[in-house]
Every structure is written in structure tokens, then in C-alpha cells.
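Excluded from the calculations below are hydrogen atoms, water molecules and symmetry mates; all remaining heavy atoms, backbone and side chain alike, are included.
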Amino acid sequence: MRTFALSKHTSPGAPDVAGFFDPRTFSVQYVVSDPATQQCAIIDPVLDFDEKSGATATHHADELLDYIHKQGLSVVWILDTHPHADHFSAAQYLQEKTGAPTAIGQNVTKVQALWKEIYHWPDMPADGRQWDTLFAEGDTFTIGELSARVLYSPGHTLASITYVVGDAAFVHDTLFQPDFGTARADFPGGDAKSLWDSIQQILTLPDTTRLFTGHDYMPDGREPQWESTVAEQRTSNPHLASVSEADYIALRHKRDSELPMPKLILHALQVNARGGRLPSPEANGKRYLKIPLDALEGAAWD
């Protein structure tokens with residue numbers, strides 16, 4: 001199975017994008033680098049977790065660090081697109097290893113407010129202080145000499161953002177590959193109309209913009225893929241090509257009503273709503289997850 005691919009820049013001001021696929025969670029991590037300065041950002045890193053044994057590990061995050069070391073890169077940002085529901089974020093671990101600042105969208109505070117109620121965490125700070133930077137729509141930053149900007153892309157979650165770095169856009173869980181469709185909008189705070197609007201904003205980027213997705217589910221057993229273009233999404237994605245807004249919302253509602261929740265959602269959000277921090281050890285030195293029962297009413301069963 002292909003678990004790594006490098007998308008090289010083809011023009012000045014464009015990044016090299018290394019994608020790392022995690023078959024356990026179908027997630028894609030990215031190292032986005034500036035060819036001119038060798039500075040890079042890590043996007044949506046994965047902390048390994050086995051729900052059957054309760055074991056955590058850093059295999060996938062260490063794979064990123066090994067690549068960064070071999071390529072002679074320096075990390076200047078650790079970026080999450082949203083608080084993930086299907087894997088733990090390795091942002092905190094990677095910050096400890098690299099010293100680079102962490103960032104996410106400013107509306108993560110709304111997600112924190114939702115989930116602190118679900119987990120009954122009255123004392124959990126819900127002001128986003130777990131990250132170094134909270135980005136708003138239109139904010140800009142740099143990776144070496146590369147210009148980057150932020151699009152607010154809600155719908156899948158209240159906090160979802162897209163990072164546009166040169167000719168590359170990291171669209172997290174708005175779009176999947178053109179042969180698969182688009183993301184669900186039924187998590188707490190999700191909304192199909194908002195997701196449609198977010199996708200339409202992304203599709204106003206130039207046709208040749210490289211789009212990098214947060215997951216791939218390998219329809220029909222094909223190899224994992226995570227790169228497409230705006231033009232390919234607009235013309236080939238079955239949820240978008242010749243589909244009206246009303247039809248999309250109806251499709252999304254029907255499809256989402258039939259989807260079971262991700263198996264790690266209740267595990268992952270208590271880590272990811274805190275910037276990738278695992279629960280603090282208790283008196284016996286062990287860490288414990290807290291799984292609320294009957295918290296996600298109406299979710300389909302497997």
C-alpha cells in the first residue's frame with residue numbers, strides 16, 4: 001500500500017508537499033516545505049492510539065520527524081485544521097520535540113464549549129489557550145518565503161479552516177478525492193449548508209490549485225490518494241458536479257443519517273479539544289479517558 005508521496009513544486013512561491021497516509025485511521029499528515037529556505041510546517045499530525053488495548057505511540061509522528069531530519073528541514077509551524085474525531089493529534093508531542101508554535105482556527109473555542117459540556121468538564125479552559133495561535137478568516141502567515149493564508153471552512157465542524165500555501169490548499173474534511181465525495185456534517189456543531197458554502201469558497205481558488213485532503217477511504221480498493229485539483233473536484237466529484245445547493249443539502253442529510261459515528265470520536269475529542277494533550281496522570285501514574293454514555297443521540301449503529 002502506498003503510504004507516502006511527494007508533490008514537488010513547479011513554480012516559484014509554491015511548496016513541496018509530503019503526504020503520509022495512516023491506514024489505521026485513513027488519515028493523511030503533511031509536511032509542507034519551502035524549497036528556498038528549507039523551513040516547513042506540519043499539518044494534521046497523528047498520535048497513534050489502539051482503542052482495543054488503550055496503547056498510545058508516536059510511530060507516525062516520528063515518521064514525520066525522521067523525514068524532516070533527512071531532508072534538512074526546520075519546523076516553524078505545527079498546524080491543525082480542526083479538532084479531529086477519528087485520530088488523536090500529535091501537535092503537543094511534536095511541539096515538545098521541535099519547539100515550533102501550534103495553531104488552529106479561532107472557532108475551536110466553540111468546539112471546546114460543546115465538548116466540555118459533553119464530557120462534563122466544568123473547569124476545562126475553553127478559550128483556545130491550548131494553542132499558541134488561533135487563526136481567523138483571512139489571516140496570513142509565512143513558511144520561509146512562502147505566503148500562506150487562512151480560509152474559515154465550517155460545516156464539518158465549527159472550527160474547520162483551510163490553509164492555502166502558495167498553490168496548495170489543505171482542505172481537511174471538506175472534500176475527499178473526486179471519486180468519493182465530501183465530508184459529513186452531522187457531528188456536534190456541524191451543518192450541511194455551511195459545508196456547501198465552505199466548499200464553494202474553496203472551489204473559487206484557481207483551477208490548478210493543488211487540493212490535499214485529510215482522509216482517503218480507497219473506494220473500490222484502489223491505492224490511497226490525497227491530491228487533486230480545483231478543476232478535478234468541480235467537474236468530477238459526484239457530490240458537486242451538476243449538483244444544486246438544495247440537492248447537496250438533502251444528499252448530505254440522508255447520507256449522514258446512515259453513517260455510524262467514527263469509532264474514536266469520544267476518545268479523540270477529549271484529547272484534540274485540548275490541543276493534543278493526553279489526560280493528566282492520576283495518583284497511580286496512569287492516564288484515563290472518559291467516555292460519556294448516550295451523549296450522541298440519534299447516531300446510527302454499525
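Taking the six-membered ring where the residue is Trp, the centroids of F49 and H267 are separated by under 6.0 Å. Taking the six-membered ring for Trp, F187 and H156 have ring centres closer than 6.0 Å. Between F170 and Y30, the ring centre distance stays below 6.0 Å.
Remark: F135 pairs with W77, F141 by the ring-ring contact (aromatic ring centres under 6.0 Å, His included) rule, at least two apart or across chains. Every residue two or more places apart in sequence or in another chain that forms a salt bridge (Lys or Arg N to Asp or Glu O under 4.0 Å) with R210 is listed here: D167. Applying the side chain to side chain contact (heavy atoms under 4.5 Å, CB included) rule to D123 yields no partners; only residues at least two apart in sequence or on another chain are considered. For E145, there are no side-chain hydrogen bond (donor to acceptor under 3.5 Å, both in side chains) partners, not counting sequence neighbours. By the ring-ring contact (aromatic ring centres under 6.0 Å, His included) test, F176 is found to be paired with F180, Y217, residues two or more places apart in sequence or in another chain being considered.
L6 is connected to V75 through a chain of hydrophobic side-chain contacts under 4.5 Å among Ile, Leu, Val, Met, Phe, Trp and Tyr, so both are in one cluster. In the hydrophobic clustering of ILVMFWY residues, with side-chain heavy atoms under 4.5 Å counting as a link, Y163 and Y152 come out together. The cluster map of Ile, Leu, Val, Met, Phe, Trp and Tyr, joined by side-chain heavy atoms under 4.5 Å apart, puts V230 and V243 in the same cluster. L134 and I78 are not part of a single hydrophobic cluster, where members link through side-chain heavy atoms under 4.5 Å apart. The hydrophobic cluster containing V165 does not contain V31, counting ILVMFWY residues as joined when their side-chain heavy atoms lie under 4.5 angstrom apart, directly or transitively.
No salt bridge links R287 with E282; every basic N to acidic carboxylate O contact stays at or beyond 4.0 Å. Taking the charged nitrogens against the carboxylate oxygens, D50 and K52 do have a contact shorter than 4.0 Å, which makes a salt bridge. Here D186 does not pair with R252 in a salt bridge; the nearest charged N to carboxylate O distance is not below 4.0 Å. Salt bridge absent: D22 and R24 never bring a charged side-chain N and a carboxylate O closer than 4.0 Å.
Between the side chain of D216 and the backbone N or O of Q225 there is at least one donor-acceptor pair closer than 3.5 Å.
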What verdict does the ring-ring contact (aromatic ring centres under 6.0 Å, His included) test give for F212 and W226, after you've listed the backbone C-alpha separation in whole Å, the side-chain angles of each residue and the deciding distance to 0.1 Å?
CA-CA 6 Å; F212 294 94; W226 48 83; 8.8 Å; no
Mind running salt bridge (charged side-chain N to carboxylate O under 4.0 Å, His left out) on D207 and R234 for me, showing each step along the way?
CA-CA 9 Å; D207 282 356; R234 191 183 294 119; 2.7 Å; yes
Determine whether H87 and D44 satisfy the following criterion, side chain to side chain donor-acceptor pair (under 3.5 Å), listing intermediate values before the conclusion.
CA-CA 10 Å; H87 67 81; D44 288 340; over 6 Å; no
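Evaluation of the ring pair (Phe, Tyr, Trp, His ring centres under 6.0 Å) test over residues 92-118, restricted to residues two or more places apart or in two chains, returns W115-Y119.
Enclosure of atom CG in D220 is not indicated, since only 12 or fewer non-hydrogen atoms of other residues, nucleotides or ligands lie within 6.0 angstrom.
The distance from the CE atom of M218 to the CG atom of D179 is 11.5 Å, given to the nearest 0.5 Å.
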